[in-house]
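Residue numbers begin at 1 in each chain, while the letters A, B, ... track the order of the sequences. These values consider heavy atoms only, across backbone and side chains, with no hydrogens, waters or symmetry-generated copies.
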Protein chains: 2
Amino acid sequence: MASLTDHIEEYIKKLLAISTRNYVEIQRADLARKFSCAPSQVNYVLNRRFSPERGYLVESRRGGGGYIRIYRIVHPQAETWKDAFREMLAGPFEPARAKQFLKRILEEKVLSRREARMMSILLQEEHYRGLSREESRELQKRLFQASMEAILKSSY
Amino acid sequence: MASLTDHIEEYIKKLLAISTRNYVEIQRADLARKFSCAPSQVNYVLNRRFSPERGYLVESRRGGGGYIRIYRIVHPQAETWKDAFREMLAGPFEPARAKQFLKRILEEKVLSRREARMMSILLQEEHYRGLSREESRELQKRLFQASMEAILKSSY
DNA sequence: AGGGCGAAGGTCAGTTAAGGTCAAAGTTTT
DNA sequence: AAAACTTTGACCTTAACTGACCTTCGCCCT
């Protein structure tokens, strides 16, 4: 429904689009004032919507004259998202992170909307009814990985 | 005699007809209030009356600012393979038949090669090790069906 | 130099606001 | 009567948001 978070995200993305550099710099308190919210709300948005999984990098400095810089990671060099993929698969599989990842590679046009939608089906818990959480995660991981790899192999 | 479900269905379809986009967005609680029913009733209507089989796609988000979006999907050449799809899903699920089906719709260009490859991953027995044959088949069926529907409904 | 102060930003736990699932009970159709 | 469909309520998961408290940094002032 377009929450506050959505608005702040949109605002920052607009700033990024306008910016001549590959980043924007904001003041947390300013943003919070602009949107009449708690400063920590800004951190929330940054964590959720500008995560590395989605292709962003956030840098900041505290203290007087502090700032927050948000980088759009540019041209994935064909390697970067693959790294993200590998990293996502390291450790326990988390559907939420996989979803973030999907969103990112969709934006980067690594796959089509249809393909992304199909991949996301694999992450829907409901299909795994009857299985324990562990089994379900394990399967999701296997299928997600195998599908992704299948895509990578067939280049078009 | 027009049940509650009928009314809600009708209402949503009216909204869709009016909408300038190819979807409508609702709040579950609002609808429930409007029709004085349990919120879960809305899910029921969505499941029964706005299923992919009937040409709809439902998207939602939980949490604050959550929503439910209902897309009307138009798909053009549908009918031919659609019957084959239904038939394939009738009775016990057999990966071999599913593969045949894939081959066919690939030839008919309903799917891209990449998409077909992704789909075929779901049919590979190896990913389901640890599960009984029944569980495995059940899962394959669910995932295959859901993926197929997701793909076919997102032509936009 | 160094201690203190104010100005950033960071964290985290807790609250609120959605939507989802499932099974049981009630209705209608066959 | 059986099968299919409808309704509801109890319980669950996820996302958004806030406030209290913490850390870091620059700039004084002595």
I need the [atom1]-[atom2] distance between [X] and [N], as an integer number of Å.
| X | N | atom1 | atom2 | result |
| --- | --- | --- | --- | --- |
| B:R33 | D:dT8 | CZ | P | 15 Å |
| A:L123 | D:dT14 | CG | C1' | 15 Å |
| B:D30 | C:dG19 | CG | C1' | 13 Å |
| A:R97 | D:dA15 | CZ | P | 15 Å |
| B:F35 | D:dT6 | CZ | P | 15 Å |
| A:E126 | C:dG19 | CD | P | 16 Å |
| A:Q124 | D:dC12 | CD | C1' | 17 Å |
| B:E9 | D:dC5 | CD | C1' | 13 Å |

Side-chain N,O ([X]) to OP1/OP2 ([N]) below 4.0 Å:
| X | N | value |
| --- | --- | --- |
| A:R48 | D:dA15 | yes |
| B:R61 | D:dA16 | yes |
| B:R49 | D:dT6 | yes |
| B:S3 | C:dT27 | no |
| B:R62 | D:dA16 | no |

For a quick check of understanding: with a heavy-atom distance under 4.0 Å over all strands, which category does [X] fall into, base, sugar-phosphate or nothing?
| X | answer |
| --- | --- |
| B:R69 | nothing |
| A:E125 | nothing |
| A:A96 | nothing |

Nucleotide nearest [X] (side chain, heavy atoms from C-beta), chosen from [options]:
| X | options | answer |
| --- | --- | --- |
| A:I68 | C:dG10, C:dA18, D:dG26 | C:dG10 |
| B:Y44 | C:dG9, C:dG19, D:dT6 | D:dT6 |
| A:S40 | C:dA18, D:dG9, C:dC12 | C:dC12 |
| A:L4 | D:dT18, C:dT11, D:dT6 | D:dT18 |
| A:A38 | D:dT7, D:dA15, D:dG19 | D:dG19 |

Here's a test of your reading of the structure: between A:K99 and B:V42, which maps to the more 5' nucleotide of DNA chain D? B:V42
Closer to the 5' end of DNA chain C via nearest nucleotide, is it A:A29 or B:I26? A:A29
Find which nucleotide of DNA chain C each of B:N47 and B:G64 is nearest to by heavy atoms, and output the residue with the more 5' nucleotide. B:G64
Counting heavy atoms not belonging to A:E87, are there more than 12 under 6.0 Å from its CD? no
Going by the angle between their ring planes, with limits at 30° and 60°, are B:Y71 and B:Y23 parallel, tilted or perpendicular? tilted
Parallel under 30°, tilted from 30 to 60°, perpendicular over 60°: which one fits the rings of B:F144 and B:F93? tilted
Any donor-acceptor pair under 3.5 Å linking the side chain of B:S147 with the backbone of B:L143? yes
Distance under 6.0 Å and angle within 45° of the ring axis: does A:R69 meet both against A:Y67? yes
Would A:R49 pass as a cation-pi partner of A:Y56, given that its NZ or CZ must be under 6.0 Å from the six-membered ring centre and within 45 degrees of the axis? no
